[in-house]
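Inspection log for the structure reproduced underneath, given as structure tokens.
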Amino acid sequence: MLDIKMIRQNESDVKARLATRGVKAELIDQLLAADQQRRDLVVKSETLRQQRNEVSEQIAQAKRNKKTADEEIARMKQVGQQIKQIEEKLKEVQVKVQDWAARLPNLPNPTIPVGPDESYNVEIKKIGTPKEFTFKPKPHWEIGEKLGILDFERGAKVSGSRFLYYVGLGAKLERAVYNFMLDEHEKEGYTEILPPYLVNAASMYGTGQFPKFKEDVFQIQDQDLTLIPTAEVPLTNYYRDEVIPTEKLPVYFTALSPSFRSEAGSAGRDTRGLIRLHQFNKVEMVKYCRPETSYDELEKMTINAGNILEKLGLPYHIITLSTGDMGFSAAMTHDLEVWIPAQNTYREISSCSNCEDFQARRAHIQYRDEKGKLNFVHTLNGSGLAVGRTVAAILENYQNEDGTVTVPEVLRPYMHGVDLIE
RNA sequence: GGAGAGUUGGCAGAGUGGUAAUGCACCGGACUCGAAAUCCGGCGAACCGAUUAACAUCGGCGCGCAGGUUCAAAUCCUGUACUCUCCUCCA
């Protein structure tokens with residue numbers, strides 16, 4: 001959520017920067033007009049309330065002195081009606097202002113590339129070289145099905161498309177991967193969390209999924225519960241409506257959780273394999289920090305995610321998302337994309353974002369500065385990493401011509417010494 | 001799922017219709033070489049608005065949340081969330 005006062009005071013700058021994210025200037029105009037209307041109504045109602053408070057005091061006095069105050073009471077009855085009318089209108093306007101403001105995305109950091117879509121993203125670093133195969137590399141779903149470790153057919157039977165079973169060494173590989181990730185993050189100072197997987201609407205609002213992106217998630221019917229689309233939601237809402245003791249900052253959290261996404265609007269894309277599922281495991285990183293350190297923290301987080309890929313021996317590159325490709329709450333996002341041989345391209349496996357105070361303002365997450373003044377923290381989140389996609393990358397990058405898959409060195413301890421899936 | 005109790009400032013804790021006691025903590029001052037103790041004064045979150053360059057001042061709001069009754073609600077009514085205890089159920 002952007003600060004309305006800030007928008008008011010920096011109208012043209014806000015318009016220009018949000019325009020790079022596809023927000024029309026008229027929307028801002030509408031918002032500010034409604035806000036002006038709101039403030040006018042506030043003045044009106046508060047003036048009347050003040051009057052009522054004063055007269056009520058007189059009435060109380062009169063009663064104490066056993067005098068009548070019928071005339072005042074009658075007058076205040078009138079005033080009460082007026083207040084009621086004005087405040088009904090005020091409430092309407094307030095809801096409108098709130099709703100519009102809640103649908104504005106974060107201001108992009110001025111240094112990121114400006115452009116309408118992903119073609120404007122900029123590669124900032126490339127690590128590892130894609131392996132030259134002496135044979136035609138197979139897609140991971142073929143490898144997995146042949147080895148009997150991924151079962152998409154039964155996933156479809158039991159649940160539907162975009163669901164699967166991991167079987168035997170497949171399940172073990174998945175578990176090895178996320179245990180490895182959690183251990184690595186713990187070494188970097190992240191506290192391991194096991195969060196709830198169902199959250200209420202206030203939490204979804206806090207991180208920015210609601211109100212705008214309700215169609216992307218699974219909600220429980222007739223209950224205020226939503227299956228988390230990412231552990232970012234429970235991790236970032238952990239401190240919702242709280243003041244974090246300053247000495248605790250920065251806070252580093254990591255968690256493994258399933259992520260549930262409806263994938264509405266992605267029909268026909270990545271219909272096979274582990275790339276796009278309704279349920280997938282992800283190890284998430286979340287940070288809360290002081291505003292002045294958030295960009296350093298973003299760099300560190302991106303490195304933390306990258307280190308996992310490096311240790312797994314998977315080639316990847318880091319890109320900075322353009323204004324048009326960035327998520328709603330982010331001010332700056334670095335994506336890590338891993339090499340997928342069968343597609344001969346890099347695919348997103350992590351997304352690390354600095355949301356600055358955008359989520360903190362929505363979720364009321366604060367700290368006290370040196371002067372004791374309350375201030376919003378900055379929040380960051382990043383995948384470290386998407387587990388299913390990591391498994392896909394391992395299967396493809398470590399496949400052998402005979403259909404077996406070599407287990408990356410660092411995972412062998414987690415696989416009870418298994419070094420080859422056959 | 002059933003029954004009961006609770007939710008008030010950073011903490012503790014009064015207040016059952018007249019506009020939030022008190023204590024601790026905190027801030028300032030006095031005393032002191034300094035500190036403690038003591039005394040005096042101040043301060044009760046956050047939020048919104050008006051005026052302001054800002055500090056500040058004034059006002060609104062504010063007793064878990066949302067409604068209602070009333071000239072006036074922490075207090076009465078309705079709904080609801082959460083916490084605790086007991087029962088039931090269950091892993």
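No hydrogens, no waters, no symmetry mates; every other heavy atom, side chains included, goes into these values. Sequence lines set the chain letters: A, B, ... in the order given, protein chains first and strands last, and positions in each chain run from 1.
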Which nucleotides of RNA chain B pair, in dot-bracket form (Watson-Crick or G-U under 3.5 Å, | meaning another strand): ((((((((.[[[..)..(...]]].(((((.......)))))....(((((....)))))...[[[[[..)....]]]]])))))))....
Reading 5' to 3' through nucleotides 58-73 of chain B, protein heavy-atom contacts under 4.0 Å coded B for base, S for sugar-phosphate only, - for none: -BSS-----S-S-BS-
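Taking the C1' atoms as reference points, B/C55 lies 43 Å from B/G68, given to the whole Å. Distance noted for atom C1' between B/G23 and B/G9: 13 Å (whole Å). Annotation: B/U69 and B/G62 have their P atoms spaced 16 Å apart (nearest Å). Rounded to whole Å, the separation between the C1' atoms of B/C11 and B/C43 comes to 16 Å. Rounded to a whole angstrom, the distance from the C1' atom of B/C63 to that of B/G4 is 23 Å. Nucleotides B/U8 and B/A74 place their C1' atoms 7 Å apart, quoted to the nearest Å. Nucleotides B/A37 and B/C24, compared at atom C1', are 16 Å apart to the nearest Å. Here the separation of B/G60 from B/U19, taken at their P atoms, is 14 Å to the nearest Å.
Taking side-chain N and O atoms only, A/Arg39 has a distance below 4.0 Å to OP1 or OP2 of B/A50.
Residue A/Arg361 is classed as having no contact, given no heavy-atom separation below 4.0 Å to the nucleic acid. Nucleic acid contact class of A/Lys5 (heavy atoms, under 4.0 Å, all strands): sugar-phosphate only.
Here B/C47 presents its P atom at 10 Å from CG of A/Asn375, a figure rounded to the nearest Å. Atom NE2 in A/His364 sits about 9 Å away from atom C1' in B/A46, given to the nearest Å. Distance CD (A/Gln94) to C1' (B/G49): 11 Å, rounded to an integer number of Å. Atoms CG (A/Asp3) and C1' (B/C47) sit 12 Å apart, rounded to a whole Å. A/Gln37 places its CD atom 17 Å from the C1' atom of B/C48, with the value rounded to the nearest Å. Nucleotide B/C27 holds its C1' atom 14 Å from the CZ atom of A/Arg368, rounded to whole Å. Across the protein-nucleic acid pair, A/Asp35 atom CG and B/G49 atom P stand 7 Å apart, rounded to whole Å. The distance from atom CG of A/Leu48 to atom C1' of B/G49 is 14 Å, rounded to the nearest whole Å.
Across all their heavy atoms, A/Ile308 and A/Gly384 have their closest contact at CG1-O, 4.4 Å.
Contact of the A/Asn397 side chain with the A/Trp339 side chain is registered, since non-hydrogen atoms from C-beta on lie closer than 4.5 Å.
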The test is side-chain contact (heavy atoms from CB on, under 4.5 Å); show your working for A/Lys89 and A/Gln37 and say whether it passes. CA-CA 10 Å; A/Lys89 179 74 188 160; A/Gln37 197 188 357; 3.5 Å; yes
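Checked for salt-bridge contact, A/Glu263 and A/Arg162 miss the test: no charged N lies under 4.0 Å from a carboxylate O. One finds a salt bridge joining A/Arg290 and A/Glu292 here, because a Lys/Arg side-chain nitrogen approaches an Asp/Glu carboxylate oxygen to under 4.0 Å. The pair A/Glu87-A/Arg49 meets the salt-bridge criterion, since a charged nitrogen lies less than 4.0 angstrom from a carboxylate oxygen.
Checked by atom type and distance alone, the side chain of A/Arg21 pairs as donor or acceptor with a backbone atom of A/Asn106 at under 3.5 Å.
A/Phe328 and A/Phe358 have their aromatic ring centers within a separation under 6.0 angstrom.
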Extract all donor-acceptor atom pairs below 3.5 Å that involve side chains of residues 201-212 of chain A and protein atoms in other chains or at least two apart in sequence.
unit_1   : atom_1 : unit_2   : atom_2 : d
A/Ser203 : OG     : A/Asn200 : OD1    : 3.0
A/Ser203 : OG     : A/Arg240 : NH2    : 2.8
A/Tyr205 : OH     : A/Gln98  : NE2    : 2.8
A/Thr207 : OG1    : A/Ser203 : O      : 3.1
A/Thr207 : OG1    : A/Gln209 : OE1    : 2.7
A/Lys212 : NZ     : A/Arg103 : O      : 3.3

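Side-chain N/O atoms of A/Gln36 and A/Asp40 include a donor and acceptor closer than 3.5 Å.
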